[in-house]
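Worksheet: the structure to be examined is printed underneath.
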Amino acid sequence: MQRIRLRYTKRGRLRFTSHRDFQRAFERALRRAEVPMAYSAGFTPHPKVSYANAAPTGTGSEAEYLEIALTAMRDPDQLRELLNESLPAGLDVTDAVEARTSGLADRLQASVWEMRLDGVAPEDAEKAVEAFLAAESVEVQRRAKNGMRTFDARSAVADLQAIRPAADRPGDGPCAILRLVVRHLTPAVRPDDVLSGLRAVADLAPPVPAAVTRLAQGLFDEESGTVTDPLAPDREAVTAAPPMAAGLTAATAPDGAGSA
C-alpha cells in the first residue's frame with residue numbers, strides 16, 4: 001500500500017464550502033482520475049482518506065493537508081495533475097509527496113493566518129494589536145454544542161502584526177491587514193476568536209466581515225516563531241531513499257492509459 005500526502009487550497013467562493021462538501025468533491029475527483037484507492041473494511045467501505053485540521057467554513061486557505069492510501073504505486077506529481085483536472089477551480093492540489101514518515105497530523109502545530117479588515121484604519125488596527133499583545137489573557141466566548149464557552153484567546157497567539165496594505169490596493173476606503181501565528185491548542189483558537197479579543201481589549205469592530213486566509217500550517221519553531229513545511233520530512237526521506245525507478249515507471253499510469 002502506498003500513501004500520498006497532498007497540500008491543497010480553498011480559494012474564492014470555494015472558501016464557503018463545508019468540510020463535508022469538500023469531502024464529496026474530493027472523492028468524486030478520485031473516481032474521475034481513476035486513482036487506485038484503498039478502501040476500509042465493513043458493510044459500507046469508504047476510500048482511505050485522512051483529513052488533517054481543516055480550515056473553518058468561510059475561510060480561505062493556501063495550506064490544507066490530507067493523506068490517501070493507494071493499492072498501486074503512482075507518481076505523486078502525475079497524481080496531482082490528474083486530481084487538478086477533476087477538481088473544481090479553487091480547490092487545487094499544490095503539492096504531493098509520498099509518505100515516508102509518520103505523524104503528519106502531529107506536525108500541524110500552528111497556522112499562519114491573514115485577515116483583511118475593510119473599513120478599518122491601519123492606525124486603529126496597530127493600536128488594537130498593541131493592546132492585545134500587552135494583555136496577559138484575553139477571554140472570549142464562543143457558542144459550542146453545550147452552550148457558550150469562555151476561554152483565553154491570547155495564550156495561543158504566538159505573533160500578531162498589523163500590516164499596512166500596498167499603496168496600489170484597489171478601493172478607496174481604509175483597510176488594515178493582520179498577520180497572525182496561532183498555535184493549535186485545546187480549545188482551538190480561530191481567527192474570529194482573535195477578532196473577538198481585539199474587540200474586547202480595544203473596541204476594534206470591522207464594519208464588514210473580515211476576509212480570512214490561512215497562508216501556512218506546520219511545525220512551529222519556538223526560537224524563530226516561524227511555521228515550517230510539514231511535508232519537508234517526507235520529501236527529504238524520498239530524496240534519501242528513492243523508490244525503484246523501474247517499478248515506479250511501470251506503475252505511473254492506469255491500465256489502458258494512452259491507448260485511445
Side-chain angles (χ1 to χ4, degrees), residues 5-23 25-26 51-66 80 84 87-95 105 107-122 124-126 128-129 132-133 140 142 153 156-171 173-185 188-199 204-220 225-231:
R5 288 169 177 166
L6 306 174
R7 172 174 173 166
Y8 65 95
T9 69
K10 284 175 58 182
R11 297 169 175 159
R13 293 192 298 176
L14 272 298
R15 69 177 57 213
F16 298 106
T17 58
S18 68
H19 183 57
R20 183 168 296 181
D21 289 336
F22 170 76
Q23 286 179 305
F26 183 71
Y51 301 92
N53 196 39
T57 302
T59 62
S61 181
E62 295 294 316
E64 300 297 287
Y65 294 92
L66 58 80
R80 175 181 56 81
N84 281 333
L87 285 168
L91 297 178
D92 304 301
V93 179
T94 58
D95 200 0
R107 294 180 213 154
L108 303 182
Q109 300 174 350
S111 289
V112 181
W113 295 93
E114 183 175 278
M115 296 190 290
R116 173 171 169 156
L117 310 180
D118 285 307
V120 174
D124 294 336
E126 291 169 357
V129 166
F132 184 93
L133 294 177
V140 299
R142 184 202 303 157
V157 177
D159 188 33
L160 177 60
Q161 301 177 26
I163 302 173
R164 292 178 179 266
D168 57 351
R169 183 188 66 86
C175 175
I177 296 175
L178 301 183
R179 186 76 56 85
L180 61 152
V181 178
V182 181
R183 297 183 184 89
H184 298 167
L185 303 180
V189 174
R190 306 184 306 203
D192 56 319
D193 298 321
V194 176
L195 282 177
S196 296
L198 292 169
R199 185 181 304 111
L204 184 73
V208 296
V212 182
T213 303
R214 173 149 56 193
L215 302 180
Q217 64 172 323
L219 288 163
F220 181 66
T226 58
V227 176
T228 61
D229 179 11
L231 299 184

[X] [atom1] to [Y] [atom2] distance, which is reported to the nearest 0.5 Å:
X      : Y      : atom1 : atom2 : result
Leu160 : Leu180 : CG    : CG    : 6.0 Å
Thr59  : Lys10  : OG1   : NZ    : 5.5 Å
Thr17  : Gln23  : OG1   : CD    : 11.0 Å
Tyr65  : Leu6   : OH    : CG    : 11.0 Å
Arg199 : Asp192 : CZ    : CG    : 9.5 Å
Ile177 : Leu117 : CD1   : CG    : 8.5 Å

So, using side-chain contact (heavy atoms from CB on, under 4.5 Å) as the criterion, who are the partners of Arg164 when residues are at least two apart?
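Listed in chain order: Pro122, Glu123, Glu126.
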Got a sec, which residues hit side-chain contact (heavy atoms from CB on, under 4.5 Å) with Ala125, two or more places apart in sequence or on another chain?
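Listed in chain order: Val120, Ala162, Ala176, Leu178.
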Under the side chain to side chain donor-acceptor pair (under 3.5 Å) test, which residues partner [X], sequence neighbours left out?
X      : result
Asp124 : none
Glu64  : Ser61, Arg214
Thr226 : Ser224
Glu62  : Arg11

Arg179 vs Val112, side chain to side chain contact (heavy atoms under 4.5 Å, CB included): CA-CA, chis, key distance, verdict:
CA-CA 7 Å; Arg179 186 76 56 85; Val112 181; 4.0 Å; yes
Salt bridge (Lys or Arg N to Asp or Glu O under 4.0 Å) partners of [X], counting only residues at least two apart:
X      : answer
Asp159 : none
Arg5   : Glu67, Asp234
Arg80  : none
Arg15  : none

Taking ring-ring contact (aromatic ring centres under 6.0 Å, His included) as the definition, give me every residue that meets it alongside Tyr8, ordered by chain and number, with sequence neighbours left out.
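With sequence neighbours excluded, Tyr8 shows a ring-ring contact (aromatic ring centres under 6.0 Å, His included) to Phe22, given in chain and number order.
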Test ring-ring contact (aromatic ring centres under 6.0 Å, His included) applied to His19 - qualifying residues, sequence neighbours left out
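For His19 the ring-ring contact (aromatic ring centres under 6.0 Å, His included) partners, ignoring immediate neighbours, are Tyr51.
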Which heavy-atom pair separates [X] from [Y] by the least distance, and what is that distance?
X      : Y      : result
Ala153 : Val140 : CB-CG2, 4.0 Å
Ala128 : Leu204 : CB-CD2, 3.9 Å
Val189 : Arg142 : CA-NH2, 4.2 Å
Leu215 : Arg7   : O-NH2, 3.6 Å
Ala110 : Val227 : O-CG1, 3.8 Å
Ala216 : Ala63  : CA-CB, 3.6 Å

Any side-chain heavy atom of [X] within less than 4.5 Å of one from [Y]?
X      : Y      : result
Gln217 : Pro230 : no
Val157 : Val194 : yes
Trp113 : Val182 : yes

Between the main-chain N or O of [Y] and the side-chain N or O of [X], is there a donor-acceptor pair closer than 3.5 Å?
X      : Y      : answer
Asp229 : Leu231 : yes
Asp92  : Thr9   : no
Gln109 : Phe220 : yes

Side-chain H-bond candidate by donor/acceptor type, Asp193 with Ser196, under 3.5 Å:
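There is no such pair between these side chains.
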